[in-house]
2 protein chains.
Amino acid sequence: MKPTIRDVAKAAGVSIATVSKALNGVDVVKAETKLKVLAAAKELNYVPNLLGKQLKSGQTNMLGFFTNSVSGPYFYALIESIARTADNMGFGLNVFVTKRHDTIQNYLFGNVVDGVIVFESRITGPDVDMISQHRVPAIFLDRPMVADKIGSITFNSYQEAFDATAYLISLGRRKIAYLAGYPDNYDSNERQRGYEDALKKYGLPVNKDLIILGLFEEPTSYSEMRRFISLHPEDIPDGILAGNDISAIGAMRALKESGISVPQEVSVIGFDDVEIAQYFQPSLTTTRNPIGRQGVLAVKQLVGMISNNDQGQSEVLDGQLVVRNSTTIK
Amino acid sequence: MKPTIRDVAKAAGVSIATVSKALNGVDVVKAETKLKVLAAAKELNYVPNLLGKQLKSGQTNMLGFFTNSVSGPYFYALIESIARTADNMGFGLNVFVTKRHDTIQNYLFGNVVDGVIVFESRITGPDVDMISQHRVPAIFLDRPMVADKIGSITFNSYQEAFDATAYLISLGRRKIAYLAGYPDNYDSNERQRGYEDALKKYGLPVNKDLIILGLFEEPTSYSEMRRFISLHPEDIPDGILAGNDISAIGAMRALKESGISVPQEVSVIGFDDVEIAQYFQPSLTTTRNPIGRQGVLAVKQLVGMISNNDQGQSEVLDGQLVVRNSTTIK
DNA sequence: TTGATAAATGCAAGCGGTTACACTTGAGAA
DNA sequence: TTCTCAAGTGTAACCGCTTGCATTTATCAA
């Protein structure tokens, strides 16, 4: 059986209280005793049961990451930075990809994490109320939000889309499509809003037929793009603003297969600047979103709320257009 | 304060034992009482503290995933399938990306997970002994391994590399380079062994100069490939077996920049068939490794060990060559 | 009505730790 | 020698839950 603190106490010939103090560096134990305890612990390969510790202390030193998906390069860049930062700050990371709402609740409020990072559209209003009520510090990544012990780190999607669209227009593109993401996704909608406002600003018509539903995924973007091309063979746009990079890649594949040249006939812009964007042929013009920074800031703000009782705040990160070879002047 | 089982008991006018039984479906409680308890629990927004539960029951219903990296498309495909399968089987997932060895030990043996999936070269012999001793069920993904309550799910890297190399030879390629991964990585070494054995089998020389260190990463593969080209401009290989897909992509980028055509002058084969391989231009010939299946099987075997006391076993998955446009006959 | 039996419920121990507080010990002062 | 006090150690309560077993209540036959 796994040794407990009692086994160590017995082996060292002291009480469990002394073992606890010796092991946790509470410096009231005599140096000699401490050595005895340490030796006994090592001898038995003792590793403390964290559950006992956590139950007693009310802290788990664990962060939760709740998400509805973990697929796509955006997410792995995000998880990477969250996991690494959490580790650096002395926290472990729990990743929950469940779709079951009751499971989410159980983990969210089951004292299994000290705080949560949320990218999960199924966590809605009532849940947020519960989060407040249970006083679980939370950071939202998929929408701006601020309340007691609740904050957010989001991108400036509206402005980025506005600028990217304006850039396409400056290249002489006049018929620009938007490849939308999930219908109720905040970023996708903000990007669409920025796209439409830019069109208006420069006197171009806003045409709902040019909104294509790519759902942030390659296959969908590819097939919807193909469908669009076959439906309007004479009426191809000369610019595409894709909801994210992988979506842009799907669109470009469809264009290529239809013999339409990128960037000459159609210029394409993505979002995020995920790793593959620069390696792709043609390399992708995109808005670089500081994904890694989003993860870092999320963890830092969260840990601040947990450890220093900080207030939550809504931070908005600016992206930056990176011009590569998928866009050119018309 | 967060309500506890005592609060619910008080509100429902019963004992905590009854609350526990009512809430956990132990069907000895009277229907009427159960209703009262459920109502009180809902009224108070009661969510049980999982730590108490876990400490008492000795089960956490959590799986741990220990890895040294989470970057690259291989890992996110893996995490995705692990997380999803774990969820389907009623387990949560803890992801540990820490480099700190003592942290690994604390989490690994701190009763915070019921079993672990390991892709982490820093977990070596002594740790494995500890794992056995602490009786933590474990699955290794980065090396074959079998012992009591320890199993593995790996790829048939040797055979896959042998076949891929043989395929390049069948296309008339005679000077084939191997773009190696991490030096002490099992898969990378197995692939190299298969590559070398195929060369020997078909009477081609094995030349250590043709082993290029790509480290499984795009930038390294790109720069090492460039370096190779500039050092031996007259002596470019006509085939490249890359340690993984992203590495192949790096090599192709370098070749393209040097004006060397793929697949005509140099044919390139990757490993894994990650999502991007099919979308890339030229689309990548590669060995499809069932990454998703690796994750699924890992979780299933692990849960079998946890719940049914199954024996650990070493499962080896076969890959399959997928021919696309990065290879052609010479 | 009473007793036997079954159905519900409650008491209390215990999971493995931490920690307030009480206790023991020994050194130095009176 | 006796007292005081600091240093070191130990006792026991507690964190929130589950569960074996004792106890209470309900049911029904005699």
Side-chain angles (χ1 to χ4, degrees), chain A residues 1-38 40-41 44-62 106-107 109-114 134-136, chain B residues 1-38 40-41 44-62 106-107 109-114 134-136:
Chain A
M1 240 358 257
K2 202 171 166 309
T4 73
I5 197 172
R6 275 154 243 276
D7 299 317
V8 178
K10 197 165 296 173
V14 297
S15 76
I16 60 167
T18 302
V19 173
S20 177
K21 288 166 191 160
L23 256 31
N24 292 300
V26 180
D27 59 351
V28 295
V29 293
K30 210 199 304 189
E32 182 193 333
T33 313
K34 186 165 181 171
L35 250 43
K36 262 195 325 199
V37 171
L38 258 31
L44 295 172
N45 278 328
Y46 171 72
V47 178
N49 183 324
L50 293 179
L51 294 176
K53 241 186 164 107
Q54 294 171 354
L55 178 58
K56 178 66 189 176
S57 69
Q59 274 234 351
T60 63
N61 270 259
M62 285 278 172
N106 285 340
Y107 286 125
F109 305 123
N111 290 61
V112 95
V113 291
D114 291 341
H134 284 248
R135 327 211 82 243
V136 181
Chain B
M1 241 356 259
K2 203 171 166 310
T4 74
I5 198 172
R6 273 157 244 277
D7 299 316
V8 178
K10 197 165 295 173
V14 297
S15 75
I16 61 167
T18 301
V19 173
S20 176
K21 287 166 192 160
L23 256 30
N24 291 301
V26 180
D27 58 352
V28 296
V29 293
K30 212 199 304 189
E32 181 193 335
T33 313
K34 188 165 180 173
L35 250 44
K36 261 194 326 199
V37 171
L38 257 31
L44 295 172
N45 278 326
Y46 171 71
V47 178
N49 183 324
L50 293 178
L51 294 176
K53 240 183 165 108
Q54 295 170 353
L55 178 58
K56 176 64 191 179
S57 70
Q59 275 234 351
T60 63
N61 270 262
M62 285 276 173
N106 286 339
Y107 286 124
F109 306 122
N111 289 61
V112 95
V113 291
D114 291 340
H134 283 247
R135 326 212 82 245
V136 182

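Values below: every heavy atom of this structure, side chains too, minus hydrogens, waters and symmetry copies. The structure presented is a predicted model; accordingly, all values stated were derived computationally and were not measured. The chains referred to below are lettered A, B, ... by the order of the sequence lines, with proteins before strands, and numbering in each begins at 1.
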Look at [X] and [N] and indicate whether a side-chain polar atom (N or O) is within less than 4.0 Å of OP1 or OP2.
X: A/Thr4; N: C/dG16; result: no
X: A/Thr18; N: D/dG10; result: yes
X: A/Tyr46; N: C/dG16; result: no
X: A/Ser20; N: C/dT18; result: yes

(message) Rounded at 0.5 Å granularity, tell me how far CD in A/Gln54 sits from CD in B/Gln54.
(response) 8.0 Å
(message) Measuring from atom CG of B/Asn106 to atom CG of A/Asn49, what distance do you get when rounded to the nearest 0.5 angstrom?
(response) 11.5 Å
When we call it a touch if two heavy atoms are under 4.0 Å apart, what does [X] touch: a base, just sugar-phosphate, or nothing?
X: A/Asn111; result: nothing
X: A/Val14; result: sugar-phosphate
X: B/Val28; result: base
X: A/Lys53; result: sugar-phosphate

(request) Of all the heavy-atom pairs spanning B/Lys34 and B/Gly25, show the shortest one and how long it is. (result) NZ-CA, 4.3 Å
(request) Heavy atoms only: give me the nearest B/Ala11-B/Leu44 pair and the separation to one decimal. (result) CB-CD1, 4.1 Å
Of the listed nucleotides ([options]), which one gets closest to any side-chain atom of [X]?
X: B/Ala17; options: D/dT19, C/dT18, C/dG17; value: D/dT19
X: A/Asn49; options: C/dA12, C/dG16, D/dG16; value: C/dG16
X: A/Arg6; options: C/dT18, C/dG16, D/dT18; value: C/dG16
X: B/Thr33; options: D/dA12, C/dT9, D/dG10; value: C/dT9

Please report the distance, rounded to the nearest Å, between [atom1] in [X] and [atom2] in [N].
X: A/Gln59; N: C/dG16; atom1: CD; atom2: P; answer: 22 Å
X: B/Leu50; N: D/dT18; atom1: CG; atom2: C1'; answer: 14 Å
X: A/Glu32; N: D/dG8; atom1: CD; atom2: P; answer: 11 Å
X: B/Ile16; N: C/dC11; atom1: CD1; atom2: P; answer: 9 Å
X: B/Lys10; N: C/dG10; atom1: NZ; atom2: C1'; answer: 16 Å
X: B/Leu55; N: C/dT18; atom1: CG; atom2: C1'; answer: 13 Å
X: A/Gln54; N: C/dT18; atom1: CD; atom2: P; answer: 11 Å
X: B/Lys56; N: C/dG16; atom1: NZ; atom2: P; answer: 10 Å

(message) Closest-nucleotide mapping onto DNA chain C: is B/Ser57 or B/Lys30 further toward the 5' terminus? I mean the 5' end.
(response) B/Lys30
(request) Return the 5'-most residue of the pair B/Ala31, B/Gly52 with respect to DNA chain C, ranking by each residue's nearest nucleotide. (result) B/Ala31
(message) Using a 6.0 Å cut-off, check whether atom NZ of B/Lys2 has over 12 heavy atoms from anything other than its own residue.
(response) yes
(request) Confirm from the modelled atom types if A/Lys2 and C/dG16 form a donor-acceptor pair under 3.5 Å, side chain to base only. (result) no
(message) Using only modelled atom types and a 3.5 angstrom limit, is any donor from either the side chain of A/Lys34 or the base of D/dG8 paired with an acceptor on the other?
(response) no
(message) Nearest heavy atom decides the nucleotide; on that basis, is A/Gly13 or B/Ile5 closer to the 5' end of DNA chain D?
(response) A/Gly13
(request) Please examine the side chains of B/Asn111 and B/Leu55, heavy atoms only from C-beta on, and report whether any two atoms are closer than 4.5 Å. (result) no
